[in-house]
Amino acid sequence: MTKALTITALPYSPDPLEIFACLRARPGAVLLDSGRPVATGRFDIISSDPIATLEVASTGETHFISNQLQLPCHLANNAFGQQQWLLDQLVTPNESSELPFLGGLIGYWSYDLGRVTLSIPTHQVSAVSLPHARLGLYDWCITLDHVAKQAWLVATSERREQVKAWLAEPTKRTAPFALSSAFQSELSHDQYVSRFNAVQRYIRAGDCYQINLAQRFYADYQGDEWQAYLQLRKATPTPFSGFMAWDDKAVLSLSPERFIRCRNRQVETRPIKGTRPRGVTPDKDQALAQELLSSSKDRAENVMIVDLLRNDLGRVCLPGSIRVPQLCRLESYPNVHHLVSVVQGTLADSYTPLALLEAAFPGGSITGAPKIRAMQIIDELEPCQRSIYCGSLGYVDVRGSMDTSIAIRTMVAEAGRVHVWGGGGLVADSQAEEEYTETLDKIRHLIAALE
């Protein structure tokens, strides 16, 4: 159904924000932002006006918006099957290009979609009414390549003229963003400690080795969520950021963590486990970094999740192809130090990238191990559903490439209230006060940027 794509050079800019601001009010506008000047970021992807939009409701029902397509009935209640069918409606372009995206799906998959896929019932209410997934089928994009210092418009001839007209329109002024109440936690300190102690009992009983326990913070606000994203990005640029908004809802993600990338059937995941805040002086900063590198507890947490992800990828990758080229390397971001590992494999010919995503979803770094029991305990102890927090943002390209984040350091805005979660992995030798402080350290800079 897709006409021939052309790839047209645009003037390069290191900043995608000015371009996206021209499209902010367009239906389905989406920004996947590599957070320059972060060294690990390379591509920004910007698009809007999808051919179709697929929403998976918390009930499992699908909300499908399209003037051109109609979902087949036999895929009802099969969220990933519907996504694959939608992707298959695009014709693979003949254009040979190293650009990451030449059309396909862009959007998010919530943590709770993974819970449903794994048949883990919930006993908790949802603090927000965002669908379990929202994905657009896009047939054009603007891509900024910060390594080659080039910019490209990927589009059909008809789309290219539309996009140029949209970019030429005056940027619409948006209302300044401001909080109208202070952030408050859903859990008191004592309530967090009580849940921490419950996790320790489960670990001692042998139910699990590690649990990622999180708490939610929320505040009321007025103004445009895009202005909030600009404030957050200025405070903490990260390589797997993203913004999308629709109706009275928005997702503002400043994630440092890749979930899964698949390119030419080569698979990579980059789990983060182990965190320290940045120091206020160079000496203190170096001491905190060295403390993290020397921590046997943090290293053990990381290795547990590496083993879990090796198992998850092994379900859909070629036997013998799983490898760990990087284990517990220090990576430093504007506000925290992290330990990051890399797990790689080769996707088997019988699986698609979406099947890979489904097999590994949600990411083991934000559940614990073993995954299903950890998720059951999370649902028991956390007082509300996670929504997009600990899910993924990203794209699936029509040629079979995919890149997704772990949606940590991520805010959800809805109906004048903004929500943010902070969490951390708990193991047998975790200390309650240290873990409580870590949940605050991870999101303190986000909250401060809006306050």
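Please read all numbers here as calculations on a predicted model, not as lab measurements. The figures that follow rest on heavy atoms only: side chains count, while hydrogens, waters and symmetry mates do not.
- Under the side-chain hydrogen bond (donor to acceptor under 3.5 Å, both in side chains) rule, D298 has a single partner from R276, K273, H338, which is R276.
- Note that OH of Y192 and CG of L381 are 11.0 Å apart. Values are rounded to the nearest 0.5 Å.
- Contact check for V396 versus F101: no side-chain heavy atoms found under the 4.5 Å cut-off.
- Nearest heavy-atom pair, S110 versus Y108, reported as atom, atom and distance to 0.1 Å: N-CD1, 3.9 Å.
- Between R258 and T269 the shortest heavy-atom distance is O-OG1, 4.4 Å.
- Put simply, the side chain of D145 never gets that close to the backbone of F43: no donor and acceptor are under 3.5 Å apart.
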Decide side chain to side chain contact (heavy atoms under 4.5 Å, CB included) for D312 and K371; before the verdict, give the C-alpha distance in whole Å, the side-chain angles of both, and the deciding distance to 0.1 Å. CA-CA 10 Å; D312 282 349; K371 181 185 284 187; 2.9 Å; yes
Can you list the steps and then say if W109 with T404 is a side chain to side chain contact (heavy atoms under 4.5 Å, CB included)? CA-CA 10 Å; W109 301 262; T404 58; 3.8 Å; yes
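- Not one N or O on the side chain of S430 forms a donor-acceptor pair closer than 3.5 Å with the backbone of E435.
- Residues I46 and W140 come closest through the heavy atom pair O-CZ3, 4.0 Å.
- Defined by atom type and a distance below 3.5 Å, a donor-acceptor pair is present between the side-chain atoms of Q227 and T174.
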Please test N212 against T367 for side chain to side chain donor-acceptor pair (under 3.5 Å), starting from the C-alpha separation and ending with a verdict. CA-CA 5 Å; N212 193 90; T367 60; over 6 Å; no
Apply ring pair (Phe, Tyr, Trp, His ring centres under 6.0 Å) to residues H189 and Y436 and explain how you reach the verdict. CA-CA 8 Å; H189 173 273; Y436 180 79; 4.9 Å; yes
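- Across all non-hydrogen atoms, the minimal contact from A29 to S48 is CA-CB, 3.7 Å.
- A donor-acceptor contact closer than 3.5 angstrom links the side chains of Q162 and R159.
- When the shell of 6.0 Å around CD of E61 is examined, it contains 12 or fewer heavy atoms from other residues, nucleotides or ligands.
- In summary, the side chains of Y111 and H132 do not present any donor paired with an acceptor at a separation below 3.5 Å, with no hydrogens or angles considered.
- Between the side chain of D248 and the backbone N or O of E414, no donor-acceptor pair lies under 3.5 Å.
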With side chain to side chain contact (heavy atoms under 4.5 Å, CB included) as the test, would you mind laying out the steps for Y351 and L356 before giving the verdict? CA-CA 7 Å; Y351 292 101; L356 163 67; 5.8 Å; no
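- For S241 (side chain) and G35 (main-chain N/O), no donor-acceptor pair under 3.5 Å exists by modelled atom type.
- D44 places no side-chain N or O within 3.5 Å of a backbone atom of L31 that could act as its donor or acceptor partner.
- For the residue pair S180 / Q222, no side-chain donor-acceptor distance below 3.5 Å is found, with atom types taken as modelled.
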Give the C-alpha distance, both sets of side-chain angles, the deciding distance and a yes or no for ring pair (Phe, Tyr, Trp, His ring centres under 6.0 Å) between F243 and W226. CA-CA 8 Å; F243 178 86; W226 173 241; 5.2 Å; yes
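- With a 6.0 Å cutoff to the six-membered ring centre and a 45° limit on the axis angle, R134 counts as a cation-pi contact of W246.
- Defined by atom type and a distance below 3.5 Å, a donor-acceptor pair is present between the side-chain atoms of D33 and Y229.
- Side-chain atoms of S181 come within 3.5 Å of backbone N or O of D220 as a donor-acceptor pair.
- Side chain to side chain, Q385 and Q124 fail the donor-acceptor criterion of an N or O pair below 3.5 Å.
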Taking it one step at a time, do F183 and Y218 satisfy ring pair (Phe, Tyr, Trp, His ring centres under 6.0 Å)? CA-CA 5 Å; F183 273 94; Y218 58 93; 8.4 Å; no
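- Panel note: side chain N264, backbone Q266; no donor-acceptor pair is recorded below 3.5 Å.
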One pair to check against salt bridge (charged side-chain N to carboxylate O under 4.0 Å, His left out): D247 and K249. What are the steps and the verdict? CA-CA 6 Å; D247 301 333; K249 302 169 176 58; 5.2 Å; no
For a side chain to side chain contact (heavy atoms under 4.5 Å, CB included) check, start with the C-alpha distance between R216 and C384, then their side-chain angles and the critical distance, and finish with the verdict. CA-CA 8 Å; R216 179 177 65 95; C384 74; 3.4 Å; yes
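- Residues S253 and T410 have side chains that bring a donor and an acceptor to within less than 3.5 angstrom of each other.
- Residues I388 and L393 are in side-chain contact: their nearest non-hydrogen atoms beyond the backbone lie under 4.5 Å apart.
- For the 3.5 Å distance criterion, the side chains of E257 and S365 qualify, holding a donor opposite an acceptor.
- The backbone N or O of S188 sits nowhere less than 3.5 Å from a side-chain atom of S185 that would complete a donor-acceptor pair.
- One finds the CG atom of L213 at 7.5 Å from the CD1 atom of I378 (value rounded to the nearest 0.5 Å).
- Put simply, the side chain of N335 never gets that close to the backbone of T236: no donor and acceptor are under 3.5 Å apart.
- In the model, T6 has a side-chain atom that pairs as donor or acceptor with a side-chain atom of R160 under 3.5 Å.
- In summary, the side chains of S341 and Q326 do not present any donor paired with an acceptor at a separation below 3.5 Å, with no hydrogens or angles considered.
- Across every non-hydrogen atom of G422 and Y389, the tightest pair is C-OH, 3.8 Å.
- Dense packing is recorded around CD of Q150, with more than 12 heavy atoms of other residues, nucleotides or ligands lying under 6.0 Å away.
- Here M375 contributes atom CE and I120 contributes atom CD1; the two are 4.0 Å apart, rounded to the nearest 0.5 Å.
- Counting only N and O atoms by type, the side chains of E55 and T62 include no donor and acceptor under 3.5 Å apart.
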Could you walk me through whether E225 and R24 pass the salt bridge (charged side-chain N to carboxylate O under 4.0 Å, His left out) test, one step at a time? CA-CA 10 Å; E225 299 85 5; R24 162 72 177 91; 3.5 Å; yes
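- Side-chain contact of Q84 with D88: a donor-acceptor pair under 3.5 Å is present, judged by distance alone.
- The backbone N or O of Y333 lies less than 3.5 Å from a partner atom in the side chain of R278, making a donor-acceptor pair.
- Here the CZ atom belonging to F196 is positioned 5.5 Å from the CG atom belonging to L426, to the nearest 0.5 angstrom.
- You'll find the side chain of L90 reaches within 4.5 Å of the side chain of I51, heavy atoms only.
- Scanning both residues, L105 and L137, for their nearest heavy atoms gives CD2-CD1, 3.9 Å.
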Report the C-alpha distance between R444 and E451 in whole Å, list the side-chain angles of each, state the deciding distance to 0.1 Å, and finish with yes or no for salt bridge (charged side-chain N to carboxylate O under 4.0 Å, His left out). CA-CA 10 Å; R444 194 186 312 275; E451 289 180 334; over 6 Å; no
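- A salt bridge does not link E169 to K164: none of the charged nitrogens lies less than 4.0 Å from a carboxylate oxygen.
- Cation-pi geometry between R386 and W421 is not satisfied (NZ or CZ under 6.0 Å from the ring centre, within 45° of the ring normal).
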May I have the step-by-step check of salt bridge (charged side-chain N to carboxylate O under 4.0 Å, His left out) for D403 and R263, ending in yes or no? CA-CA 8 Å; D403 205 357; R263 190 172 177 90; over 6 Å; no
